[in-house]
Amino acid sequence: MKNQYIYGVIAIVAAAIVVAYFSIGNPYNNAPMKAEADSLTRASMMALNVDSFAKAYHCLSEAQTIYNAIDDKAGQMTVKANMAIVYYGLELYEDAKREIDIVEKNVNLIDTTRQVIFYRIKAIVETIVEKNYNKAIESMQKAIAIDRAMDSKISAMQDMANLAEIYIYNQQNDKAKQTIGEIEKMDTIAPDDYSSQFYFCKGKLYFTEQDYDQAYQVLQRCLDYSTRFNQPHLRLQALDILCSIDSLRDDKANYINNIKSRISLNDSLSGSRITHQIARLQEQQRIEIEHKNIDKQRTLLTVYIFAGFIIAAMLALIFFMLYRQTKARNRVVKLEAEKLDSEIILERMQNELLRLKVNQNDEELKEARKENLAMSLQLASLKDDDASGELQTFDDTFRKLNESFGNQLRERYPNLTNNEQRFLCLIKLGMTSSEMMSVLNVSQSGIYKMRYRLKKKLNLRGDETIEKLLATID
């Protein structure tokens, strides 16, 4: 019973541990949970590619919960880096900066590909939001260093184009020109989304150097690539410079064409900005709803866990009280059983002492009768006259001592004489040869002869003895 209650308490505590174990995560089986979180992180990147910020936020929130549960620091930092992109896309720049500051302290925990994305988004925030171009240049240089370490040429060219544009913002045209020169030396420039940015930076540099012909030619290529890769903001900036060049060159025809394109594009961007603003607000609203749902789920989970622990503690207390009560009851039962056992043992000992005393009295009585028999025979042998009275006394005494033995002896061997029966009685009594010599007043040879005659009369073989024969007669 004791073990049952102990096992019950252990089971309750184990159940509580299991509840917490699966609620906060299993540290000994992280692989499936990590795989799920990684999948959610990849899903968030796919959502960001189509500007589905609410879906990205949902995936990242779930991934963050799992990474926290399994204590995966690298996963946590990856989520925060992606969350910074979400906030930047929603123009929540302060939130984006907060996530960036956290990741920057633990940037070595995320993989190199994510480090490039992190430094890229960090440089954009520092350029557009903080206007801190020196920090932006430093961040972009870190991204380029990682690109080169990974031998990722396209990514390096993209980040170098970004760096060149930041140099222009910071009025470091020489460094911007040097960076563009480095890009041109990197094999043939493949048409990619960074190409329009590259040609814009190059055209702007030609414009600042008043090389309008080169600037015009390069910016036209920027217009082509920005149209192909749907980069209207770069196209608008390129059209601004082209209009300025047309004005300086007094090229009215091109100026009218370019200004019409600029007005049309600006109107389109204005409409897009409104649409984007509405979409951004809708995404923010979805995220707020998602955030509330997540907080609600976490609160409910905390309540469930707390309630589970309370119930487990109450059950454990009940089991403990029952165990204490049962233990006390068992102790009383055990003491009563021990008392009863002691009484039984005492009674058994008293009975044994009584039996020993009775046996002792029987032995003393038998010994006394044995002595009386011996004395009767001695008296009969010492008297010269008729000793039939003493012999009769011996026979009566032995018959009382062991009536069954005498009867069986006469039934088995009816041809035995009285003297032979008496001799066998003395052997049955356990007398030694010396004692029988004294009782019967005969010599040792007489005893031997009597034994020899009786052995033949009783039909005993050489290896059989009179004592063994008499032992078979009760």
Side-chain angles (χ1 to χ4, degrees), residues 14-90 92 95-96 98-122 142-143 146-147 149-152 154-155 158 283 286-306 308-309:
I17 293 173
V18 168
V19 171
Y21 178 78
F22 285 105
S23 298
I24 64 176
N26 178 355
Y28 301 105
N29 191 20
N30 291 344
M33 298 179 69
K34 179 174 172 55
E36 182 182 359
D38 293 342
S39 176
L40 289 168
T41 304
R42 289 191 295 271
S44 72
M45 294 300 295
M46 295 175 64
L48 287 173
N49 289 336
V50 294
D51 293 338
S52 181
F53 299 111
K55 183 177 180 180
Y57 182 87
H58 174 78
C59 294
L60 291 172
S61 297
E62 289 191 359
Q64 184 73 49
T65 301
I66 298 173
Y67 285 135
N68 290 342
I70 63 178
D71 196 27
D72 187 337
K73 300 294 184 184
Q76 294 170 21
M77 294 303 107
T78 300
V79 166
K80 288 188 174 298
N82 290 348
M83 197 67 82
I85 300 174
V86 172
Y87 289 137
Y88 175 77
L90 295 172
L92 300 173
D95 293 329
R98 184 188 67 245
E99 299 293 341
I100 287 171
D101 291 340
I102 295 173
V103 177
E104 189 172 17
K105 297 175 183 178
N106 303 276
V107 70
N108 60 311
L109 295 178
I110 61 179
D111 60 71
T112 51
T113 303
R114 298 295 170 87
Q115 287 182 24
V116 171
I117 298 173
F118 164 74
Y119 284 120
R120 192 177 295 158
I121 194 70
K122 182 174 184 290
K142 290 180 180 179
I146 298 173
D147 290 330
M150 295 191 304
D151 197 24
S152 179
I154 298 298
S155 181
Q158 178 181 356
E283 289 294 303
R286 292 192 190 99
I287 288 176
E288 288 176 3
I289 294 172
E290 185 66 30
H291 185 70
K292 290 178 181 178
N293 289 335
I294 291 172
D295 287 343
K296 184 178 179 181
Q297 291 174 1
R298 288 175 178 170
T299 302
L300 286 175
L301 181 60
T302 303
V303 171
Y304 290 151
I305 293 173
F306 182 73
F309 274 113

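Residue Ala74 comes nearest to Ile110 through the heavy atom pair O-CG2, 3.8 Å, listed as atom of the first residue, atom of the second, then distance.
Donor-acceptor pairing under 3.5 Å is recorded for the side chains of Ser155 and Asp147. Looking at Gln64 and Asn68, their side chains do bring a donor and an acceptor atom within 3.5 Å of each other.
Between Tyr57 atom OH and Glu62 atom CD the span is 11.5 Å, to the nearest 0.5 Å. Residue Lys73 holds its NZ atom at 12.5 Å from CG of Asn108, rounded to the nearest 0.5 Å. Here the CE-OG1 distance, from Met33 to Thr65, works out to 10.0 Å after rounding to the nearest 0.5 Å. Annotation: the span from Ser39 atom OG to Ile66 atom CD1 amounts to 9.5 Å, rounded to 0.5 Å. Put simply, OH on Tyr87 and NZ on Lys80 are 8.0 Å apart, with the number rounded to the nearest 0.5 Å. Note that OG1 of Thr78 is 8.0 Å distant from CG of Asp72, once rounded to the nearest 0.5 Å.
The backbone N or O of Ala143 sits nowhere less than 3.5 Å from a side-chain atom of Gln115 that would complete a donor-acceptor pair.
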* Run the salt bridge (Lys or Arg N to Asp or Glu O under 4.0 Å) check on Arg98 and Asp95 step by step: do they pass? -> CA-CA 5 Å; Arg98 184 188 67 245; Asp95 293 329; 2.7 Å; yes
- Item | Pair Thr41-Val79, side chain to side chain contact (heavy atoms under 4.5 Å, CB included): steps then yes or no | CA-CA 7 Å; Thr41 304; Val79 166; 4.3 Å; yes
Criterion side chain to side chain contact (heavy atoms under 4.5 Å, CB included) on Lys55 and Met46, from CA distance to verdict: CA-CA 10 Å; Lys55 183 177 180 180; Met46 295 175 64; over 6 Å; no
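Annotation: side chain to side chain contact (heavy atoms under 4.5 Å, CB included) contacts of Ala84 (sequence neighbours excluded): Glu99, Ile100. Considering only residues two or more places apart in sequence or on other chains, Arg114 meets the salt bridge (Lys or Arg N to Asp or Glu O under 4.0 Å) condition with none of them.
By the 4.5 Å heavy-atom criterion applied to side chains, Asn106 and Gln76 are not counted as neighbours. With a 4.5 Å cut-off on side-chain heavy atoms, Met77 and Tyr67 do not count as touching. The shortest distance between side-chain heavy atoms of Leu60 and Leu40 does not fall below 4.5 Å. Taking the side chain as every heavy atom from C-beta outward, Met45 and Ile117 approach each other to under 4.5 Å.
Residues in residues 36-45 take part in these salt bridge (charged side-chain N to carboxylate O under 4.0 Å, His left out) pairs, two or more places apart or across chains: Lys34-Asp38.
More than 12 heavy atoms of other residues, nucleotides or ligands sit less than 6.0 Å from atom CG of Asp111.
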